[in-house]
S.K.: 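Before I ask anything, let me first share the structure, which is written out below as structure tokens.
The structure displayed is predicted, hence computed values, not measured ones. Below, chains carry the letters A, B, ... as their sequence lines are ordered, and counting in each starts from 1.
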Amino acid sequence: MEKKMLLLGDEAVALGAINAGLSGVYAYPGTPSTEITEFIQESPLARERNIRSRWSTNEKTAMEEALGMSFAGKRAMVCMKHVGMNVCADAFVNSAITGVNGGLVVVAADDPSMHSSQNEQDSRFYGKFAMVPIFEPSNQQECYDMTVAAFDLSEKLKLPVLLRLVTRVAHSRAAVSAGPYKDQNVLAPEADSGHWVLLPGIAKRQYASLVGKQDIMLSLSEKSPFNRYEQGNSPLGVIACGIAYNYVREAGAENVLKVSQYPLPVSAVEEMARGCNRILVVEDGQPVVEQEVKMLLGAGFKVEGRLTGTLPRTGELTPDSVAAALGCGTGPVYKASELVAPRPPQLCNGCSHRDVYSSLVEVLEDYPDAKVFGDIGCYTLGALPPFKALDSTVDMGASITMAKGAADAGLHPAVAVIGDSTFTHSGMTGLLDAVNENADITVIISDNLTTAMTGGQQSAGTSKFEQICLGLGVNPDHLKVVVPIPGNRNEIKEIIRREIEYHGVSVIIPRRECMKTLNKRLSKQRQQR
Amino acid sequence: MKLDIMLAGVGGQGTLSIATVIGVAAVEAGIVLKQAEAHGMSQRGGDVQSHLRLSTEAIHSDLITKGHADMVLALEPMEALRYVPYLSPDGIIVTSSVPFVNIPDYPDVDEINRELSGFPRVIKADIEAAASVAGAFRSSNMVLLGMAAPYLKVLSPESVRRAIGTFFAQKGDAVVEANLKAFDMGLEMAGK
């Protein structure tokens, strides 16, 4: 075995996939999942093996592209942050109905505590919903091992497999040892592709077959080396899911059922329940297993967790909250300083979004009824002081469509602010809706030539935005491109004012490179010199 | 033997570089390491922290338990104060004394200093001035690492020095040299 490498959980997943014979990774960047795809993009081994790794336009296109590669017989992986599961849900759920050919692993990186997200939904619900196996690694070595195992299981069951990470696994580094490389599958499309055509008659058969696989999935889960009952004499049984196992061990608990593969290993839970009088379920995210265990053991058995308030109902687990739930003291703690002020993230100095917001806010001083619908990206920070420019931020693409809906209701001015990458991710279809009704909205596509928030990934629409907007039917007279620098502020203000006064769809594209990618590029040039 | 470090700073100050250098040194020395990092939104000028756990034995939790950090290592004095609930009663605070003011309600600097002085073990210095004196004004984070080096228990200052060489190697000799100078300056300032 080669030397251990210090890897993020994300990187361990990536390396596991490469070594498992991956042929393509499909993803849209999103914290905390981005580093999986980046690792593959930068891996010399992946390049040598010709593994396809360019960013997809959104999670749904990624999921479908991966499914296509699986159809063709090769191993594919899809990576996203938890909310990306919402975007690709249609394709994901139905991929369990069609089944897969080459191994298909779907990685969802959840963000409990919302370090960089707008909700803390638990992707295990999606796995259960689609009725597919789920892996939930507790550490970086398991990230590697479970990715390899997930591909094998996917091909064995002919089903997609969900790998669920949380921020503290994805973005935590530890030593990992890698196994051997496996060759990629050869091109081998399904000879009989009938079951991929989900007409009702076929879909009914396929769904019945998926339901029929549940018993096999359960028995594999009960035999899985990733699920382990460490029996002890304590009257308290602890079910520790994924990363929770680390906190439970840190607190020194015994009588622990470690769960890292689902469906939940029911017989191990029942065995534990026979030897104790109370079970604490420790899981990061939402109370998925707690509900299931409650149902399994009935009202007479005491089951505790997030629902009972034994653990906090919201936010990520910490060694402190788990120790408290287990009744273990952790010693004296200095009290928090009252001097310390919050330090929220903010737009970089010199950022082009700053110039966009400065101009917009000044123009809107003359329009007290104006509402600005924001979107997901660095420019969401325009909601904070000094700009306080946004009235909403909901999901990828919602700026344009919400502005349209509000305009439909009679609101004016209705302004949408969306970034370049978010626009191609989910804004284009909404713009078509707006064009088709000539909705009275002003759309600002703040183009910094990159997917900045997640660290500067290539943006799918770069150099195509004017063509895209014109192609969707935006009136050329109301498609304006500006350069957002302080010297152009008067010109930009004038254009915003004119387009607000135009009662139809206007698109303004302020375009200037992100300061972060600019600096990165310049420093690379300096090094090469 | 274990060493838990709560590493703190403001996005863009170079906290992750400190974490990575310590990580490289730990791997070289065969020390077990877990390092939980902050990525994504908080890196845009917000407060960032990294939980660094080193041990000669297995480590379970990726996060440090409150009251158990052997060191709060901070690139900014208010950020040092933010993480005192993690500091163990006999732990040490190693921090820059230079405030990074990018918020309107930044507290009074004298009060921050007064509060920091109330802790039993504090090392505080103007790492930016020190980096300039060393001729490495962009490497103040390595000055801080130098100040902390004598207190890393499971890692020797020499092993951290070697790790700086490894980590910055791809950026060229001049960058390695500057960072080593900054580190040595910090080590000298630690007075040990």
Side-chain angles (χ1 to χ4, degrees), chain A residues 3-6 8 30-32 34-35 111 115-117 139-140 167-175 243 245-251 316-320 322-323 330-349 378 380-381 385-386 453-455 516 527, chain B residues 10-12 19-20 23-24 26-27 32-48 51-53 58-68 76 78-79 81-89 91 100 102-108 111-112 115-116 119 170-172 175:
Chain A
K3 204 179 103 179
K4 287 198 170 191
M5 287 157 287
L6 202 53
L8 293 175
T31 311
T34 312
E35 291 83 354
D111 190 21
H115 297 282
S116 221
S117 304
N139 60 38
Q140 291 64 29
T167 301
R168 298 302 186 172
V169 169
H171 282 171
S172 178
R173 222 175 269 279
I243 195 174
Y245 178 73
N246 303 345
Y247 304 134
V248 167
R249 285 293 304 274
E250 184 82 16
E316 66 181 353
L317 296 171
T318 64
D320 313 283
V322 173
T330 56
V333 170
Y334 285 115
K335 80 178 201 321
S337 165
E338 283 168 17
L339 277 182
V340 176
R343 197 191 299 260
Q346 48 189 261
L347 292 169
C348 303
N349 286 328
C378 283
T380 312
L381 298 172
M453 181 97 261
T454 46
K516 282 261 193 283
Q527 270 172 48
Chain B
V10 182
T20 310
V24 170
V27 170
V32 182
L33 172 98
K34 277 203 174 192
Q35 177 195 321
E37 301 171 359
H39 293 216
M41 190 173 239
S42 54
Q43 285 179 299
R44 298 277 173 272
D47 63 284
V48 292
H51 297 242
L52 261 167
R53 308 197 67 195
I59 301 168
H60 299 298
S61 171
D62 297 78
L63 302 179
I64 299 169
T65 306
K66 283 185 180 159
H68 287 251
E76 207 277 346
M78 182 181 82
E79 295 308 322
L81 271 187
R82 192 187 302 279
Y83 297 101
V84 294
Y86 285 89
L87 190 67
S88 89
F100 187 103
N102 64 346
I103 46 170
D105 51 348
Y106 192 92
D108 184 73
E111 279 191 61
I112 289 179
E115 203 163 302
L116 277 172
F119 288 88
Q170 56 171 5
K171 296 195 172 176
V175 177

S.K.: Rounded to the nearest 0.5 Å, what separates atom OH in A:Tyr334 from atom OG in B:Ser88?
M.R.: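 Spacing of OH (A:Tyr334) from OG (B:Ser88) equals 7.5 Å.
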
S.K.: To the nearest 0.5 Å, how far apart are NE2 in B:His68 and OG1 in A:Thr330?
M.R.: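 So the gap between those two atoms works out to 5.0 Å.
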
S.K.: Are the side chains of B:Ile103 and A:Pro344 in contact, using a 4.5 Å heavy-atom criterion?
M.R.: yes

S.K.: For chain B, find which of A:Ala251, A:Cys348, A:Pro342 contributes the most heavy-atom pairs closer than 4.5 angstrom.
M.R.: A:Pro342

S.K.: Counting heavy-atom pairs under 4.5 Å with chain A, which one of B:Gly67, B:Pro89, B:Gly12, B:Ser61 comes out on top?
M.R.: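 Between B:Gly67, B:Pro89, B:Gly12, B:Ser61, the count favours B:Ser61.
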
S.K.: Hey, could you give me the NE2/CG distance between B:His60 and A:Asn139, rounded to the nearest 0.5 Å?
M.R.: 11.0 Å

S.K.: If you look at every heavy atom in A:Asp320 and B:Ile64, which pair is closest and at what distance?
M.R.: OD2-O, 4.3 Å

S.K.: Checking A:Leu6 now: which residues fulfil side-chain contact (heavy atoms from CB on, under 4.5 Å) with it, not counting sequence neighbours?
M.R.: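 Listed in chain order: A:Arg173, B:Val27, B:Leu33.
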
S.K.: Taking every heavy-atom pair that is under 4.5 Å apart, which of B:Pro104, B:Ala36, B:Gly172, B:Ala19 has the most such pairs with chain A?
M.R.: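 Between B:Pro104, B:Ala36, B:Gly172, B:Ala19, the count favours B:Ala36.
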
S.K.: If I take atom CD from residue A:Gln140 and atom CG from residue B:Asp62, how far apart are they, to the nearest 0.5 angstrom?
M.R.: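 Reported value, rounded in 0.5 Å steps: 5.5 Å.
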
S.K.: With sequence neighbours excluded, tell me which residues meet ring-ring contact (aromatic ring centres under 6.0 Å, His included) with B:Tyr83.
M.R.: none

S.K.: Need one label for B:Thr20: side chain, backbone, both or neither, based on atoms under 4.5 Å from any heavy atom in chain A.
M.R.: neither

S.K.: Of the non-hydrogen atoms in A:Pro319 and B:Thr65, which two are nearest, and what is the gap between them?
M.R.: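 So the two residues come closest at CB-OG1, 3.4 Å.
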
S.K.: Can you tell me how far CD of B:Glu37 sits from CZ of A:Arg168, rounded to the nearest 0.5 angstrom?
M.R.: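 With rounding to 0.5 Å, CZ (A:Arg168) is 10.5 Å from CD (B:Glu37).
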
S.K.: Of all the heavy-atom pairs spanning A:Ala341 and B:Asp105, show the shortest one and how long it is.
M.R.: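 Between these two residues, the closest heavy atoms are CB-O, 3.8 Å.
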
S.K.: Give me the atom names and distance for the closest heavy-atom approach of B:Glu115 to A:Glu338.
M.R.: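 Smallest interatomic distance, heavy atoms only, reads OE2-N, 4.4 Å.
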
S.K.: If you count heavy-atom pairs under 4.5 Å between each of B:Met78, B:Lys34, B:His51 and chain A, which one has the most?
M.R.: B:Met78

S.K.: What verdict does the side-chain contact (heavy atoms from CB on, under 4.5 Å) test give for A:Arg343 and B:Glu76, after you've listed the backbone C-alpha separation in whole Å, the side-chain angles of each residue and the deciding distance to 0.1 Å?
M.R.: CA-CA 12 Å; A:Arg343 197 191 299 260; B:Glu76 207 277 346; 3.2 Å; yes

S.K.: Could you pull out the closest heavy-atom pair between B:Leu81 and A:Ser337, with the gap in Å?
M.R.: CD1-OG, 3.7 Å

S.K.: With a 4.5 angstrom heavy-atom cut-off, which part of B:Leu52 approaches chain A: side chain, backbone, both or neither?
M.R.: neither

S.K.: Give, as side chain, backbone, both or neither, the part of A:Pro332 having an atom under 4.5 angstrom from any heavy atom of chain B.
M.R.: both

S.K.: Grab the two heavy atoms, one from B:Leu63 and one from A:Tyr247, that are nearest each other, plus how far apart they are.
M.R.: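 Taking every non-hydrogen atom into account, CD1-OH, 3.5 Å.
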
